[in-house]
There are 2 protein chains.
Amino acid sequence: MSSCDTCVVRNRAICSALDSQEIGALNTIGRTRTLAPGESLIWEGDDSVLVANVIDGVLKLSTGTEDGREQIVGMVFPSDFIGRPFGKTTGHGVTALTEARVCVFNRRDFDSFAREHPALEHKLLQRTLGELDRTRRWMLLLGRKSASEKVASFLLEMGERIGGTSCEDSDGPAEILLELPVSRQQIADVLGLTIETVSRQFTRLKAEGVIDLPSRRAVLIRDRFALAAEAG
Amino acid sequence: MSSCDTCVVRNRAICSALDSQEIGALNTIGRTRTLAPGESLIWEGDDSVLVANVIDGVLKLSTGTEDGREQIVGMVFPSDFIGRPFGKTTGHGVTALTEARVCVFNRRDFDSFAREHPALEHKLLQRTLGELDRTRRWMLLLGRKSASEKVASFLLEMGERIGGTSCEDSDGPAEILLELPVSRQQIADVLGLTIETVSRQFTRLKAEGVIDLPSRRAVLIRDRFALAAEAG
DNA sequence: CGAGGCCTTGAGGGACCTCAAGTGAAGTGG
DNA sequence: CCACTTCACTTGAGGTCCCTCAAGGCCTCG
């Protein structure tokens, strides 16, 4: 029996393009792997030797300059795809932020499998187009937004992507409780800021009553609309 | 006879995945269109009604905030693909920087054609993956680089992409003459800077002998290595 | 209880922005 | 052919937002 049969992201990941026989074939070339927080799956500049689906956990995609400055270029969630198929090298590292489980494939094996299964390539194309859209929206934030707009935008985006527990009211949640998978330094690396600036913005938003900070990694969004207004 | 037969990007654009019969079919759903400099093909937030291949010229992809700040999120060159297939809306505008010729398709027609031709979708996937790589590299520039690093990186990237006339020597061109397709303001919008900062960086690089500015739009790269050293 | 991470807070400085004036090239009309 | 306009770019002066450097507070875990 294929382990894909019990996969929790089976119907959301690109695998959803395949029937049960095809899934069986894919299963023979893949294997699951667990990553500890901080552990890397792929390093920047590596030859592209593997690709993967995220089953559980959150990972970051990051690049850096030679002198040590880092920029996080993407965050990856369950059912997302990682790695660079059909290419020689990967331009960014992939590192687990939380404990994570991924379904790993040798890149060449995956490439040939994908070329034989147009429906899979179609799913992958849709995902890649969506990721490109998201990435381009983030460029506006990096290039043109102020620190306060950046932090507000980040909190809203995280609210959308990790969902968090929320108190519903008539039109959407009134308050959203987020358990962030990232440290202050990592938030800074996503937003192109320093850790101190991020911290000061959090403190200010809390003082204004827009958010609350029940613990280090948790954020309670008290006023979603005020946050959206700040996001620009 | 199909006008694709005489197309100058026939062998570089995604169309290269198709045989002559398929090209004929694609030709029946596409038409060429000429754009004047400054003319837009797609507006930010529009429904995704058309996609296109660039035949000739340079176009920008841009988004902006409500209060008028603009960020250029991509530049598009001959043989590149534009638009958002398999999606409802386009997140960024598409505007000609130079006079441009594009091969336009109704998005729904293109979508169904592509779904019937896996080789075409494969080319499109490769292009999209490459564009995503390039976009993510640009995020490092926007988030973490200084004004001088940004301007140097921009000139090098333009050197690679538009090529320009160059004096070859043993290992690559010694001097590269670029005719930029963009104004100072547009360079600022690519780099997340102001026009004044860009201008000051150009002046400084000229004073240091790294570049020369023979006319408004032209840049002569005198010392490619010094520029690369400045790019970070 | 002490050590070591994170995070916060403060003071000061600098890179880039803002506002404003000046320059030069290209076009226009007498 | 030469004023005149126009527009893009350059240059300057001043301000501000964010970074840098440094210290202090608060959890976690030995």
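Computed from a prediction, not measured in an experiment: that's the story for all the values here. Within every chain, numbering begins at 1; the chains are lettered A, B, ... in the order of the sequence lines, protein sequences first and strands thereafter.
- Between the CZ atom of R144(B) and the P atom of dC19(D) there is a distance of 8 Å, rounded to whole Å.
- Look at CD1 on I195(A): it is 17 Å from P on dA22(D), rounded to the nearest Å.
- Heavy-atom nearest nucleotides on DNA chain C were determined for S183(A) and for A147(B), and the one closer to the 5' end corresponds to S183(A).
- If you check distances only, the side chain of R216(A) does reach the base of dC26(D) with a donor-acceptor pair under 3.5 Å.
- Here dG25(D) presents its C1' atom at 19 Å from CZ of F202(A), a figure rounded to the nearest Å.
- Contact check for L155(B) versus F202(B): side-chain heavy atoms found under the 4.5 Å cut-off.
- Side-chain nitrogen and oxygen atoms of T203(B) include none within less than 4.0 Å of the OP1 or OP2 phosphate oxygen of dT10(D).
- Judged by the 6.0 Å distance and 45° axis criteria, R161(B) is not positioned over the aromatic ring of F77(B).
- Rounding to whole angstrom units, CD of residue Q185(B) and C1' of dC9(D) are separated by 11 Å.
- Protein atom NZ of K150(A) is 8 Å distant from nucleotide atom P of dC18(D), rounded to whole Å.
- For dT10(D), one of the phosphate oxygens OP1 or OP2 lies less than 4.0 angstrom from a side-chain nitrogen or oxygen of R184(B).
- Summarising the geometry, the separation between CD on E196(A) and P on dC17(D) is reported as 18 Å, rounded to the nearest angstrom.
- Between L191(A) atom CG and dC19(D) atom C1' the separation is 15 Å, expressed in whole Å.
- Along DNA chain C, the stretch of nucleotides lying under 4.0 Å from any heavy atom of chain A spans, 5' to 3', dG5(C) to dA11(C).
- In this structure, I42(A) and R84(A) have side chains that are not in contact, with every pair of non-hydrogen atoms separated by 4.5 Å or more.
- A distance of 10.0 Å separates CZ in R31(B) from SG in C103(B), rounded to the nearest 0.5 Å.
- When heavy atoms are screened at a 4.0 angstrom cut-off, S146(B) is found touching the sugar-phosphate backbone but no base atom.
- A salt bridge does not link E179(B) to R217(B): none of the charged side-chain nitrogens sits closer than 4.0 Å to a carboxylate oxygen.
- The CG-C1' distance, from L213(A) to dC27(D), rounds to 15 Å in whole Å.
- Using a cut-off of 4.0 Å between Lys/Arg side-chain N and Asp/Glu carboxylate O, E149(A) and R144(A) are scored as not salt-bridged.
- Between E196(A) and R200(A) there is no salt bridge, since no side-chain nitrogen of the basic residue lies less than 4.0 Å from a carboxylate oxygen of the acidic one.
- On a pure distance criterion of 3.5 Å, a polar donor-acceptor pair joins the side chain of R200(A) and the base of dT20(D).
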